[in-house]
Number of protein chains: 4
Amino acid sequence: MSQRPSHKPYRPRKAPAQSRSEATVASIVEAAAQVLESEGFEGFNTNAVARRAGVSIGSLYQYFPGKDALIVALIRRESARFYEDASVALTKRSGKAALEYLIGASVRQQLQRPMLARLLDIAEGRPALRGEVAKGEMDALVETIVGRAAPRHPNPEVAAADLLAIVKGMVDAAGERGERDLDDLERRVRAAVFGYLSRSGGA
Amino acid sequence: MSQRPSHKPYRPRKAPAQSRSEATVASIVEAAAQVLESEGFEGFNTNAVARRAGVSIGSLYQYFPGKDALIVALIRRESARFYEDASVALTKRSGKAALEYLIGASVRQQLQRPMLARLLDIAEGRPALRGEVAKGEMDALVETIVGRAAPRHPNPEVAAADLLAIVKGMVDAAGERGERDLDDLERRVRAAVFGYLSRSGGA
Amino acid sequence: MSQRPSHKPYRPRKAPAQSRSEATVASIVEAAAQVLESEGFEGFNTNAVARRAGVSIGSLYQYFPGKDALIVALIRRESARFYEDASVALTKRSGKAALEYLIGASVRQQLQRPMLARLLDIAEGRPALRGEVAKGEMDALVETIVGRAAPRHPNPEVAAADLLAIVKGMVDAAGERGERDLDDLERRVRAAVFGYLSRSGGA
Amino acid sequence: MSQRPSHKPYRPRKAPAQSRSEATVASIVEAAAQVLESEGFEGFNTNAVARRAGVSIGSLYQYFPGKDALIVALIRRESARFYEDASVALTKRSGKAALEYLIGASVRQQLQRPMLARLLDIAEGRPALRGEVAKGEMDALVETIVGRAAPRHPNPEVAAADLLAIVKGMVDAAGERGERDLDDLERRVRAAVFGYLSRSGGA
DNA sequence: GATGAATGAGCATTCATTCAT
DNA sequence: CATGAATGAATGCTCATTCAT
């Protein structure tokens with residue numbers, strides 16, 4: 001008769017057992033991405049996502065316990081993609097090359113679907129979603145690379161956080177302005193990143 | 001009657017001619033700031049703002065044509081405050097000193113009310129509000145200062161945009177992490193800014 | 001963006017300040033009674049109540065924080081009516097007369113709107129509503145009267161509870177069977193009540 | 001597809017011919033009992049019952065045409081159990097002993113699983129289920145016993161109904177209050193029952 | 001038969017906005 | 001001008017039921 005409150009989990013409700021549902025889940029997540037891109041947070045609602053995915057609202061809720069779970073799933077999908085690409089940086093010989101690769105990966109990731117990337121960055125900051133999205137891996141990766149690129153930096157953790165902030169800030173703004181020239185943007189980001197490192201205690 | 005109007009003016013409905021209305025308008029704007037800070041976009045609604053301001057919802061609509069107008073007014077208020085402080089940079093002798101002052105102003109502004117600043121940065125990016133908020137002045141100011149600090153820079157417009165992005169990116173992230181040490185943060189932002197300039201074509 | 005859980009209060013949201021709203025509140029409560037009577041718990045929903053009351057769903061929620069609050073308000077209304085009538089029993093000279101009056105009041109109350117009375121009895125038992133409905137007054141009243149009618153009863157509290165149960169049981173069942181003869185029903189309830197008292201330790 | 005069917009048969013869809021289905025049906029009915037006990041009507045839904053029974057929702061619908069059929073089956077199960085016990089009363093020598101046995105059976109039945117018994121009493125009253133549950137047998141049994149215990153009672157049918165109401169009323173209320181002392185409760189019920197009979201025309 | 005993915009009508013609730021007082 | 005009662009479109013979410021596999 002009344003609404004059960006309860007603490008909302010953001011994990012998918014069931015692991016899709018059959019391949020039919022795997023496809024459903026993927027299509028819902030992609031639909032969420034598209035709705036977010038085209039309508040923003042304003043127009044991002046579960047009915048719209050279900051419609052765009054071509055499934056019923058009931059199916060959506062079969063796999064996602066609520067609206068926010070869609071965002072979380074989307075963040076995880078994009079993070080995983082980015083992490084996969086970014087990990088290649090670890091195979092680079094020099095720290096500088098690794099950092100350069102990381103910057104390239106960031107730029108590619110962010111300008112691939114700029115609006116989506118920007119909105120997800122915002123969503124990641126929402127208090128309700130904190131902790132749901134594991135940023136640990138990313139941070140560790142960047143820290144490792146910074147450690148290699150600037151071994152004598154006094155505070156690699158802070159440096160890693162700053163670098164991420166610089167890259168995201170520049171690339172988001174570029175995306176917002178509609179920039180498309182990846183190479184030029186990458187050059188400028190490198191200037192900021194290496195400039196920061198050399199002046200804040202790095203090599 | 002319905003919830004989705006189509007096109008809205010965001011300017012206050014009437015120029016507050018008498019001081020009583022001026023005070024009312026100001027109290028509504030500050031209430032909007034507080035609600036936004038404490039409840040986020042989630043809990044930001046006109047009734048809550050009116051309640052916090054101690055005015056009736058009817059009065060709120062007397063002065064603001066709609067919800068978004070509150071955000072716009074808030075952005076304008078904060079921008080004006082920032083611009084006023086930042087303008088002092090123009091009185092500095094050297095370009096370097098001017099740029100340093102600008103960075104300091106940014107850090108101060110952002111860490112004064114970090115949550116509010118961050119949320120307004122997000123709101124500024126909303127397509128619906130673009131153009132309502134004049135960023136021209138700010139851009140021009142930064143451009144002027146960059147021009148003085150890095151006179152030989154090949155593309156001062158882009159540099160200005162990048163610098164703003166760097167500063168906002170770093171300072172927002174710092175605010176999000178709860179950093180409070182203004183001086184240390186300022187030092188790191190300078191490293192990024194001057195590092196960027198020196199490596200992207202400046203002095 | 002997400003649903004705020006929070007502990008639901010069942011008290012009306014605002015004390016109706018103007019007489020306009022007093023009428024609205026009363027019409028909503030009576031509409032709730034009618035919907036409950038004619039549709040049962042199955043068909044008891046906020047939209048139906050608002051429609052029957054001739055108000056918008058928004059108005060309903062302006063005065064009642066949720067569906068259950070309607071039921072609570074209804075229980076309170078009926079309890080108050082009953083209590084007012086039943087209190088007259090205290091003015092009776094003899095304990096016997098007082099108890100007889102109480103029985104009469106119960107029968108009248110229950111057969112006035114039998115379906116409604118029965119459904120509210122059920123609702124009162126719902127764990128979620130326990131404690132929201134103060135039964136203390138009623139219990140105290142019955143205990144007082146039992147104390148006067150059977151002064152030597154070893155356990156007046158239990159006796160009061162049993163009497164209430166006997167009366168409600170018999171009268172509900174009668175209402176369910178469609179009985180309308182108040183006098184005959186009253187006679188039988190008296191038989192049970194006084195029979196119980198005389199055999200369980202009373203006078 | 002939709003949620004509100006119009007007219008439904010409440011009998012199990014197939015007579016469970018093989019013992020495997022018999023076991024399945026029984027486990028579903030017991031699961032229904034447990035869900036009802038622990039979640040109340042609020043949380044009583046077909047998916048929960050199927051889950052608790054360890055069968056798929058599809059299988060549940062194989063054996064029961066709908067949600068209400070589960071309740072009906074449950075009522076029938078409990079009624080049969082009670083009837084079986086209560087029938088023993090007919091073997092008693094005296095009418096008084098028979099009636100006492102009947103009361104004992106009622107108390108036992110009701111306090112065995114008090115929440116379940118109470119909820120089923122409520123369900124039995126739902127107009128939609130009336131007639132689906134044969135109360136005739138029970139009534140006849142009680143009538144017979146009343147006829148023997150109070151042979152000169154002017155209206156044995158009404159007396160039987162009243163006695164049932166008294167017993168159910170008292171025992172339900174006791175269960176609701178959490179009473180566990182069967183003997184004391186039985187004593188008080190006897191007081192009410194025999195008191196009623198002696199004062200309403202019986203022996 | 002059994003399974004569980006899919007469906008969608010239905011319901012609770014919120015909130016921007018209007019307008020009679 | 002101020003008030004706050006009233007409105008109702010919009011949205012999150014549930015759950016009985018069906019049916020392809």
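Chain letters run A, B, ... following the sequence lines, proteins first and then strands; every chain starts at 1.
- For the pair D/K67 NZ and E/dG10 C1', the interatomic distance rounds to 13 Å; values are reported in whole Å.
- In this entry the distance linking CZ of D/F64 with C1' of F/dT18 reads 18 Å, nearest Å.
- Across residues 50-60 of chain A, A/V55, A/S56, A/I57, A/G58, A/S59 each have a non-hydrogen atom less than 4.0 Å from an atom of DNA chain E (numbered order).
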Just the dot-bracket of DNA chain E, please: which string comes out with Watson-Crick or G-U pairs under 3.5 Å, [ ] for crossing, | for another strand?
-> .||||||||||||||||||||
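- Using a 4.0 Å cut-off between charged side-chain N and carboxylate O, C/E42 and D/R126 make a salt bridge.
- Here C/E37 contributes atom CD and C/M115 contributes atom CE; the two are 8.0 Å apart, rounded to the nearest 0.5 Å.
- Between the CD atom of B/E22 and the C1' atom of F/dC1 there is a distance of 17 Å, given to the nearest Å.
- To the nearest 0.5 Å, the span separating CZ on A/F41 from CD1 on A/I122 amounts to 5.5 Å.
- With rounding to the nearest 0.5 angstrom, the CZ atom of A/R118 is 10.0 Å from the CG atom of A/L116.
- When the side-chain nitrogen and oxygen atoms of A/T24 are compared with OP1 and OP2 of E/dA6, one or more of them lie within a distance under 4.0 Å.
- For E/dA12, one of the phosphate oxygens OP1 or OP2 lies less than 4.0 angstrom from a side-chain nitrogen or oxygen of C/T46.
- B/R52 places no side-chain N or O within 3.5 Å of a backbone atom of B/E30 that could act as its donor or acceptor partner.
- Annotation: the span from D/D68 atom CG to D/L74 atom CG amounts to 12.0 Å, rounded to 0.5 Å.
- At E/dA6, none of the side-chain N or O atoms of A/Q62 fall inside 4.0 Å of OP1 or OP2 (strictly under the cut-off).
- Atoms CD1 and OG1, from C/I57 and C/T46 in turn, are 4.0 Å apart once rounded to the nearest 0.5 Å.
- The distance between atom CD of C/E39 and atom P of E/dC11, rounded to the nearest whole Å, is 11 Å.
- Between the OH atom of D/Y61 and the P atom of E/dT7 there is a distance of 18 Å, given to the nearest Å.
- Per the geometry, CZ belonging to C/F44 stands 13 Å off P belonging to E/dC11, to the nearest Å.
- Between the CD1 atom in C/I75 and the CG atom in C/L70 there is a gap of 11.0 Å [rounded to 0.5 Å].
- When the C1' atom of F/dT14 is taken as reference, atom CG of A/N47 falls 13 Å away, rounded to whole Å.
- In this structure, D/D68 places its CG atom 15 Å from P of F/dC15, rounding to the nearest Å.
- Proximity of a side-chain donor or acceptor of C/S56 to a complementary backbone N or O of C/S59 within less than 3.5 Å is detected.
- Within the 4.0 angstrom heavy-atom criterion, only backbone atoms of the sugar-phosphate kind lie near D/N45; the bases stay farther away.
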